[in-house]
Colleague: 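One structure is given below, represented as structure tokens, and several questions about it will come after.
In what follows, chains are A, B, ... by sequence order, proteins preceding strands, each numbered from 1.
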Amino acid sequence: MMPASGSSRQTLQAIWGAVRAIPRGRVTTYGAVAQRAGLPGRARLVGYALKVAPAKLQLPWHRVVAAGGRIAFPLASPQFAEQQRRLRAEGIKLAKGKVVREPALNLDELLWKTR
DNA sequence: GTTGTGACATTAT
DNA sequence: CATAATGCCACAA
């Protein structure tokens, strides 16, 4: 049996699939994507997977942010600007490099509804 | 083989 | 708020 992990093609595809499933106007985190892809604890691999993802896949990579809603790129980088632009284009509010989110009031709000 | 780096996360200080 | 320590692991050198 092939181990369920490694950096096999299959693993990358699992990650790409999870990212592709993020609905418009919503954001999620690297860790959450990893989990949905069946790779708990491997958030870093998600970052790698996105970096090497073929542009052809048209992945909504901008909907993936770091823990706390923070954009993972350096504040001054062009990538940061691009991600912020794309998120705002979907109606997601940002401030200081983070996705603005109301304080969680209940369990429902605890999931990334962004509003 | 070892080391350093990185689109990360969590916990502790 | 900022660092540091861990855990995680693919990849390049």
Colleague: Do side-chain atoms of Gln35(A) reach the backbone of Tyr30(A) as a donor and acceptor pair under 3.5 angstrom?
Modeller: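 No, because the side chain of Gln35(A) does not come within donor-acceptor range (under 3.5 Å) of the backbone of Tyr30(A).
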Colleague: Using atom OH of Tyr48(A) as one end and atom C1' of dA12(C) as the other, report the distance to the nearest whole Å.
Modeller: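 About 11 Å, once rounded to whole Å.
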Colleague: In this structure, how many angstroms lie between the C1' atom of dC11(C) and the CG atom of Leu50(A), rounded?
Modeller: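 These atoms are roughly 16 Å apart.
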Colleague: Find every protein N or O atom lying less than 3.5 Å from an N or O atom of nucleotides 6-9 of chain C, and list the pairs.
Modeller:
none

Colleague: Is there a donor-acceptor contact under 3.5 Å from the side chain of Trp16(A) to the main chain of Leu59(A)?
Modeller: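 Here the side-chain-to-backbone pair does not exist.
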Colleague: Do side-chain atoms of Arg20(A) reach the backbone of Pro60(A) as a donor and acceptor pair under 3.5 angstrom?
Modeller: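 Between the backbone of Pro60(A) and the side chain of Arg20(A) there is no qualifying donor-acceptor contact (under 3.5 Å).
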Colleague: For a quick test of reading the model, state the closest non-hydrogen atom pair linking Leu12(A) to Ala49(A) and the distance between them.
Modeller: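 Between these two residues, the closest heavy atoms are CD2-CB, 3.7 Å.
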Colleague: Taking the side chain as every heavy atom from C-beta outward, state whether Gln83(A) and Trp61(A) have any pair of such atoms under 4.5 Å apart.
Modeller: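 Heavy-atom side-chain distance check passes, below 4.5 Å.
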Colleague: dC11(C) C1' sits how many Å from Leu12(A) CG, rounded?
Modeller: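 Atom-to-atom, Leu12(A) to dC11(C), this comes out as 12 Å.
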Colleague: I'd like a table of atom pairs between the protein and nucleotides 11-13 of chain B - only N or O on both sides, under 3.5 Å - with the distance next to each one.
Modeller:
none

Colleague: Can we say Arg63(A) and Glu90(A) salt-bridge, meaning some charged N sits less than 4.0 Å from an Asp/Glu carboxylate O?
Modeller: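 Salt bridge between Arg63(A) and Glu90(A), a charged N being under 4.0 Å from a carboxylate O: yes.
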Colleague: When the C1' atoms of dA13(C) and dG1(B) are considered, how many whole Å apart are they?
Modeller: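 My reading of the C1' atoms in dA13(C) and dG1(B) gives 13 Å.
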Colleague: Is it the case that over 12 heavy atoms from other parts of the model lie below 6.0 angstrom from the CD atom of Gln10(A)?
Modeller: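 Incorrect, the count does not exceed 12.
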Colleague: Where the side chain of Trp61(A) is defined as all heavy atoms beyond and including C-beta, which of dA7(B), dA9(B), dC11(C) is the nearest nucleotide?
Modeller: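 Nearest to the side chain of Trp61(A) among the choices is dA7(B).
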Colleague: Whole Å only: how far is the CZ atom of Arg70(A) from the C1' atom of dC1(C)?
Modeller: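 Interatomic distance, CZ of Arg70(A) to C1' of dC1(C): 14 Å.
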Colleague: Check whether any side-chain heavy atom of Ile71(A) sits under 4.5 Å from a side-chain heavy atom of Leu94(A), and report yes or no.
Modeller: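 Result yes, sub-4.5 Å side-chain heavy-atom pair found.
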Colleague: Nearest whole Å is fine: how far is dA9(B) P from Ile71(A) CD1?
Modeller: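 Taking atom P of dA9(B) as the reference, CD1 of Ile71(A) is at 13 Å.
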Colleague: Distance only, no hydrogens: is a donor on one side chain within 3.5 Å (strictly under) of an acceptor on the other, for Gln84(A) and His62(A)?
Modeller: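 Result is no, nothing qualifies.
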Colleague: Assign Phe73(A) to base, sugar-phosphate, or nothing according to its heavy-atom contacts below 4.0 angstrom with the strands shown.
Modeller: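 Here Phe73(A) touches the bases of the nucleic acid.
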Colleague: Quickly work out the Tyr30(A) OH to dA9(B) C1' distance and round it to whole Å.
Modeller: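 Rounding to the nearest Å, OH of Tyr30(A) and C1' of dA9(B) are 12 Å apart.
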Colleague: Among dC1(C), dA7(B), dA9(B), which nucleotide sits nearest the side chain of Lys98(A)?
Modeller: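 Nearest listed nucleotide: dC1(C).
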Colleague: Taking CH2 from Trp16(A) and P from dA7(B), how many angstroms apart are they, rounded to a whole number?
Modeller: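 Spelled out: CH2 on Trp16(A) to P on dA7(B) is 17 Å.
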